[in-house]
Amino acid sequence: MAIALSHGGPTIYESNQPSDELLVGTAEGVAKIARLEGGWRVVDESLLDKHISAILIEPKSGAIFAGAYRDGSLYASFDSGRTWELQDAGLTETDIFSLEAAEVDGKLRLFCGTEPARLFVSDDLGENWSERPGLRDVPTVEKWSFPGPPHVAHAKHITFDPRDARRMYVSIEVGGLLLSKDG
């Protein structure tokens, strides 16, 4: 099983065996690192002109999603990262900071957090996205700001209650930790 390292993607993986492959989001794309005889080595690099902030490996389909910012957007690979395609239909923001997936009410749902801080969902493996405007309905939204230029807050991380994926948390950098009880 491959695992991914990125500051805006999942951080916990479960497997019965050690991983032999690692996808790392960098300021210059996605690096694929493999455990080979003699140690770990970079075996492939992709999306080289993108600053990757989030990588999500969706476990049931095996699809890999990579979110980028600074003229980035969202990309998907359905062949273990060999090829990538733009997967941003419905996204009104193109600076992607966080990705996550959960089974909600018996179906797979993908979540995407952006800068400015917005939350999008997809129920069709990323083919189409729609915004969840409730994220911006909190009274503190006007106070959200990031210290560094362009001083715009972003949805930094998305996580779920392991007992009920309808209870989800989204952290805003910088602004707060938001809880939704209805997915």
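The chain is numbered in sequence order, starting from 1.
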If we ignore hydrogens and angles and just use 3.5 Å, is the side chain of [X] paired with the main-chain N or O of [Y] as donor and acceptor?
X    : Y    : answer
H157 : S171 : no
K50  : L74  : no
D95  : R70  : yes
S77  : T83  : yes
R35  : S19  : yes
W129 : Q87  : yes
S145 : A153 : no
D124 : E127 : yes
T114 : A117 : no

Problem set entry | Y75/E85 under side chain to side chain contact (heavy atoms under 4.5 Å, CB included): CA gap, chis, key distance, verdict | CA-CA 5 Å; Y75 298 84; E85 58 190 60; over 6 Å; no
Exercise. Which pair of non-hydrogen atoms, one from R118 and one from A155, has the smallest distance, and what is that distance?
Worked result: O-CB, 3.9 Å
Seminar exercise, completed: Scanning both residues in full, the closest heavy-atom pair of I52 with A68 reads CD1-CB, 4.0 Å
Sequence neighbours left out, cut at 3.5 Å: what donor-acceptor pairs do the side chains of residues 176-183 make with other protein atoms?
unit_1 : atom_1 : unit_2 : atom_2 : d
S180   : OG     : D182   : N      : 3.4
S180   : OG     : D182   : OD1    : 2.9

Exercise. Can F120 and L135 be said to form a side chain to side chain contact (heavy atoms under 4.5 Å, CB included), step by step?
Worked result: CA-CA 10 Å; F120 295 86; L135 182 92; over 6 Å; no
For this session: Using side-chain hydrogen bond (donor to acceptor under 3.5 Å, both in side chains) as the criterion, list what pairs up with D161, not counting sequence neighbours.
Result: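 side-chain hydrogen bond (donor to acceptor under 3.5 Å, both in side chains) list for D161, sorted by chain: R163.
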For this session: Check side-chain hydrogen bond (donor to acceptor under 3.5 Å, both in side chains) between R136 and all other residues, then give those that pass, not counting sequence neighbours.
Result: none
Pairs of donor and acceptor atoms involving the side chains of residues 53-61, under 3.5 Å and at least two apart or interchain, shall be tabulated with distances.
unit_1 : atom_1 : unit_2 : atom_2 : d
S53    : OG     : G67    : O      : 3.3
S53    : OG     : I96    : O      : 2.3
E58    : OE1    : K60    : N      : 3.3
E58    : OE1    : S61    : N      : 2.7
E58    : OE1    : S61    : OG     : 2.7
E58    : OE2    : K60    : N      : 3.2
K60    : NZ     : E103   : OE1    : 2.7
S61    : OG     : A63    : N      : 3.1

Exercise. Is the distance between the ring centroids of F111 and F160 less than 6.0 Å?
Worked result: yes
Exercise. Going through the checks in order, is the side chain to side chain contact (heavy atoms under 4.5 Å, CB included) test met by V121 and S130?
Worked result: CA-CA 5 Å; V121 299; S130 61; 3.7 Å; yes
Problem set entry | Remaining members of the apolar cluster that contains F97, side-chain heavy atoms under 4.5 Å |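 Y69, listed by chain and number.
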Exercise. side-chain contact (heavy atoms from CB on, under 4.5 Å) with L48: which residues, sequence neighbours excluded?
Worked result: E45
Exercise. Looking at V170, I158, L110, which hits side-chain contact (heavy atoms from CB on, under 4.5 Å) with E100?
Worked result: I158
